[in-house]
Amino acid sequence: MKKLYNSYIDTFRGLSSEIWWLALITLINRAGTMVIPFLSLYLTTDLNLSFAQVGWVMSAFGLGSVCGSWLGGKLTDKIGYYKVMVRSLLATGILFIGLQFLHTFAGVCLGIFLVMLVADMFRPAMFVALSAYSKPENKTRSVTLIRLAINLGFSAGPAVGGIIITTMSYAGLFWVDGITCILATILLVNVLHPKKAKTQDSIINENPQSAYKDKAFWIFLAAMTMFGIVFLQYFSTMPLYYKDVHYLTELEIGILLGLNGAFIFILEMPLIKWLENTGYSKTTLMVFGAILVGISFVVLNVTPWIGILLIGMLFMTVGEMITFPFSNAFAMERAKKGNQGEYMALYSIAFSIAHIFGHNAGMQLADSVGFENTWYIMTLLSILCIALLWLLMRYLKKHEAVS
């Protein structure tokens, strides 16, 4: 046990103090976003919106995310990642508190769009900060640490969110979301101010390459969009499946979703370090992760046994643990060739586009063809993602060294 403990601790060594602070800020912020996995339930239960209307609200969510990611990338290249992160976090906190006072379908769509526009300006700025604060050899593990913070917050968030809904109603979630964003802003200002923080990998390109001309990156973005559409079902359509088909309560749904974050917190860093030592390319590992996520949907249709929900969650979690860190590291590696904000904005936009189409498509499909057929369709999209990643590997082998 001592050897196992020391081996686990070793996976965290060598990361800069700035990365640890960034992880803590992310943890505080993410713990507060507990309203997101309950959003579809809130809209149908408290506001009495139909599945079709919820789908359009989720599309507004994704559209705001696309615009926010693009704007965040532009501003990061223009005024720097620190200013973008501070302004985004503070404004997001205020907007989250105000979101609870919107009760009409049109008002909620507009409110969700504005929240995500401001909130997702943070993402490309955070990725550029992550790259700047970590040495080249530590970037994948730095990404993994940030993901651990996200998932530790997410494992606590839904469980606490379920308790808040039970005791205080959904309105309490919006207050907690807003307050935690503001607390994260205060911490960021105090520990990551440019006069206090030290960069480890400052990249200056005299003639930066435009991300829009990087063909390999576009294939990669298409694959990540497909992956995002499939993955996001677990946080919009899946909670409704848990409730309507398996009759789980909000608290049980929160605990099941929270297990995803708990597994990642315990297993992801050792898994990533081990995978880095296997010698497989980032693209090969992403393919394996996409296969596991596809399987997570197939197994749900095998049996009505309630335990299959946990098995499906395990397959999805391991696939997520592999795909996200290596896709993020791949994007940061490509970003060295050009404008970092532009590259990381496009990486964020790939998942924002997935938000636009993924949530809505999942809701519409569940409403029209049922959950079982929806899961088969998601499996087919996983296969398309795998095919695109295979195409990326072929392109890289033909034109350059495999990343």
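Source: prediction; values computed, not measured.
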Query raised in the report: Does some side-chain heavy atom of Phe105 sit less than 4.5 Å from a side-chain heavy atom of Leu49?
Result: yes
Query raised in the report: Mind checking whether Leu221 and Trp218 have side chains closer than 4.5 Å, heavy atoms only?
Result: yes
Report task. Kindly write out the residues that satisfy salt bridge (charged side-chain N to carboxylate O under 4.0 Å, His left out) with Arg123, not counting sequence neighbours, or none if the list is empty. Result -> Asp120
Query raised in the report: Going by heavy atoms in the side chains, are Leu75 and Arg87 under 4.5 Å from each other?
Result: no
Query raised in the report: Met116 and Val66: side chain to side chain contact (heavy atoms under 4.5 Å, CB included), yes or no, with the steps?
Result: CA-CA 9 Å; Met116 294 312 300; Val66 168; over 6 Å; no
Query raised in the report: Does the side chain of Leu248 reach to within under 4.5 Å of the side chain of Lys243, using non-hydrogen atoms?
Result: no
Query raised in the report: Phe330 vs Phe217 aromatic rings, parallel, tilted or perpendicular, using cut-offs 30° and 60°?
Result: parallel
Report summary line: Nearest heavy-atom contact between Ser382 and Val230 is OG-CG1, 3.5 Å
Requested in this report: Check whether any side-chain heavy atom of Tyr81 lies under 4.5 Å from a side-chain heavy atom of Tyr133, and answer yes or no.
Outcome: yes
Requested in this report: Output every pair passing ring pair (Phe, Tyr, Trp, His ring centres under 6.0 Å) with a member in residues 107-131, not counting sequence neighbours, ordered by first then second residue.
Outcome: Phe127-Tyr347
Query - Minimum-distance pair of heavy atoms, taken over all atoms of Cys181 and Leu89 - result: CB-O, 3.6 Å
**Report entry** Leu187/Leu192 under side chain to side chain contact (heavy atoms under 4.5 Å, CB included): CA gap, chis, key distance, verdict
**Finding:** CA-CA 8 Å; Leu187 180 61; Leu192 290 182; over 6 Å; no
Report task. For Phe371, look at atom CZ and say whether over 12 heavy atoms of other residues, nucleotides or ligands are found less than 6.0 Å away. Result -> yes
Query - Atom CZ of Phe101 with >12 non-hydrogen neighbours under 6.0 angstrom - result: yes
Query - Heavy-atom closest contact (Ile146 atom, Ile19 atom, distance) - result: CD1-O, 4.1 Å
Query raised in the report: Which distance, rounded to the nearest 0.5 Å, do you find between the CG of Leu240 and the CD1 of Ile253?
Result: 8.0 Å
Requested in this report: Taking all non-hydrogen atoms of both residues into account, name the closest pair between Gly73 and Ala345 and its distance.
Outcome: CA-CB, 3.6 Å
Query raised in the report: Phe227 and Phe324: aromatic ring centres closer than 6.0 Å?
Result: yes
Query raised in the report: What pair of heavy atoms forms the shortest contact from Val118 to Ser88, and how long is it?
Result: O-OG, 2.6 Å
Query - Value rounded to 0.5 Å, distance of SG in Cys67 from CD1 in Ile349 - result: 8.5 Å
Query raised in the report: Within the side chain of Asp367, is there an N or O that forms a donor-acceptor pair under 3.5 Å with the backbone of Met363?
Result: no
Query - Side chains of Gln100 and Trp175, donor plus acceptor under 3.5 Å - result: yes
Report task. Decide side chain to side chain contact (heavy atoms under 4.5 Å, CB included) for Val191 and Ile25; before the verdict, give the C-alpha distance in whole Å, the side-chain angles of both, and the deciding distance to 0.1 Å. Result -> CA-CA 10 Å; Val191 299; Ile25 291 162; 4.2 Å; yes
Query raised in the report: Can you check whether Met332 reaches Asn328 side chain to side chain, under 4.5 Å on heavy atoms?
Result: yes
Requested in this report: Tell me, with the steps shown, if Glu333 and Lys282 meet side chain to side chain contact (heavy atoms under 4.5 Å, CB included).
Outcome: CA-CA 11 Å; Glu333 197 171 277; Lys282 294 180 181 68; 3.2 Å; yes
Query raised in the report: Looking at Met316 and Ser296, what are the two nearest heavy atoms and their distance?
Result: N-CB, 3.5 Å
Query raised in the report: Between Phe297 and Tyr234, does the ring centroid distance fall short of 6.0 Å?
Result: yes
Query raised in the report: Would a 4.5 Å heavy-atom cut-off, applied to side chains only, mark Glu276 and Arg141 as touching?
Result: yes
Query raised in the report: Mind checking whether Met126 and Leu22 have side chains closer than 4.5 Å, heavy atoms only?
Result: yes
